[in-house]
Amino acid sequence: LRSLPGLSANDIDDSVAAAQKLLNNSTTPLGYNQRIDQADSLTAIDSARNDGIAALNNLLLSAKAKGERNNSLDDAIKQIRQEQTNANSRIDQTSNLTDEQKKAYHDQISKVVNDSIDTLNKVDSSKIAETVTNAKSSIENIVSDARGTADKEIEEARTKAAQDIDTAVN
């Protein structure tokens with residue numbers, strides 16, 4: 001249990017405690033060591049031993065799945081955070097946006113990131129990749145909107161400048 005990748009210290013402690021309880025528990029349900037001690041036949045001893053081994057294997061599989069999920073979540077969060085960093089940088093580099101507009105886009109991205117991370121902690125492991133893809137897509141849409149706003153500002157400035165020139169000429 002201690003060598004499984006992806007488990008936190010608390011996960012390891014919880015798994016070790018669960019394994020100890022499976023093996024040595026003097027209250028109901030009895031631990032497998034107590035069942036072996038109380039067995040009155042070779043068949044009962046074999047049965048308790050085999051059941052104990054199966055229970056420990058199930059605990060190991062469960063802990064391994066938790067470790068894999070933890071690793072997947074860590075990777076997913078890193079991907080989303082990296083996308084946030086890249087998007088914030090692209091917004092900062094977009095000219096013709098005011099500081100207030102940039103802050104508003106950064107805030108939108110932060111909300112998507114925080115909501116996505118909250119979702120990751122709740123979804124089934126099979127939905128982690130989909131959640132990351134959705135977060136990246138939402139962030140990209142915000143960046144596109146920011147660039148569209150900047151382009152619109154430029155176009156409006158061109159139109160106004162052209163109108164001013166026309167007015168001055170006439």
CD on Gln20 to OG on Ser15, rounded to 0.5 Å:
12.0 Å
If only atom types and distance count, is the side chain of Thr133 paired as donor or acceptor with the main-chain N or O of Ala129 below 3.5 Å?
yes
Shortest non-hydrogen pair, Leu120 vs Arg69, comes out as O-NH2, 3.2 Å
If you measure from CD on Gln82 to CD1 on Ile139, what distance do you get to the nearest 0.5 Å?
10.5 Å
Which residue, Val123, Thr119, Ile117, forms the side-chain contact (heavy atoms from CB on, under 4.5 Å) with Asn121?
Ile117
Does the side chain of Ser8 come under 3.5 Å of the side chain of Asp11 through a donor N or O and an acceptor N or O?
yes
So, Ser89 side chain and Thr85 main chain: donor-acceptor pair closer than 3.5 Å or not?
no
Are Leu30 and Leu23 connected in a single hydrophobic cluster, I mean Ile/Leu/Val/Met/Phe/Trp/Tyr linked by side-chain heavy atoms less than 4.5 Å apart?
no
Measure across Thr131 and Ser116 and return the closest heavy-atom pair with its distance rounded to 0.1 Å.
CG2-O, 3.9 Å
Within a strict 4.5 Å, meaning less than it, do heavy atoms of the Pro29 and Arg35 side chains meet?
yes
Any donor-acceptor pair under 3.5 Å from Asn88 side chain to His106 backbone
no
Backbone N or O of Ser26 within a donor-acceptor pair of the Gln34 side chain at under 3.5 Å?
no
Do Leu1 and Leu4 pass the side chain to side chain contact (heavy atoms under 4.5 Å, CB included) test, and can you show the C-alpha distance, the side-chain angles, and the key distance before you say yes or no?
CA-CA 6 Å; Leu1 289 172; Leu4 289 176; 4.2 Å; yes
Return the minimal non-hydrogen interatomic distance between Ala146 and Leu97, and the atom names on each side.
O-CD2, 3.7 Å
Is there a path of hydrophobic side-chain contacts, each under 4.5 Å between heavy atoms of I, L, V, M, F, W or Y residues, that connects Ile45 with Ile53?
no
Approximate separation, where rounding is to 0.5 Å, of Arg147 CZ and Gln93 CD
8.0 Å
Is the shortest side-chain heavy-atom distance between Asp46 and Arg49 below 4.5 Å?
yes
Single-linkage hydrophobic cluster Leu59~Ile36, side-chain heavy atoms < 4.5 angstrom:
no
Under a plain distance cut-off of 3.5 Å, with no hydrogens placed, do Gln84 and Arg81 share a side-chain donor-acceptor pair?
yes
Considering all heavy atoms, the nearest Leu56-Ala19 contact:
CD2-CB, 4.0 Å
Flag, side chain of Asn114 to backbone of Ser110, donor-acceptor distance under 3.5 Å
yes
Evaluate whether atom CG of Leu61 has more than 12 neighbouring non-hydrogen atoms of other residues, nucleotides or ligands under 6.0 angstrom away.
yes
State, without any angle test, whether Thr94 and Tyr105 hold a side-chain donor-acceptor pair at a distance under 3.5 Å.
no
Side-chain heavy atoms of Asn70 within contact of Lys66, under 4.5 Å:
yes
Is there a path of hydrophobic side-chain contacts, each under 4.5 Å between heavy atoms of I, L, V, M, F, W or Y residues, that connects Leu73 with Leu7?
no
Shortest non-hydrogen contact between Tyr32 and Ala48, atoms and distance:
CD2-O, 3.3 Å
Check the pair Asn134, Glu130 against side chain to side chain contact (heavy atoms under 4.5 Å, CB included), reporting the backbone distance first and the verdict last.
CA-CA 6 Å; Asn134 291 342; Glu130 180 182 331; 3.9 Å; yes
Are there over 12 heavy-atom neighbours, none belonging to Asp99, within less than 6.0 Å of that residue's CG?
no
Flag side-chain contact, heavy atom, 4.5 Å: Ile91 against Gln101
no
Answer yes or no: is there an ion pair linking Lys103 with Asp107, defined by an N-O contact shorter than 4.0 Å?
yes
Given side chain to side chain contact (heavy atoms under 4.5 Å, CB included), test Val132 with Glu83 step by step and report yes or no.
CA-CA 10 Å; Val132 171; Glu83 189 70 20; over 6 Å; no
Minimum heavy-atom separation for Leu22 to Ala55, with atom names?
CD1-O, 3.8 Å
Does this structure show an ion pair linking Lys78 with Asp75, if we count only N-O contacts that are shorter than 4.0 Å?
no
Check this for me: does any side-chain nitrogen of one of Asp118 and Lys122 sit under 4.0 Å from a carboxylate oxygen of the other?
no
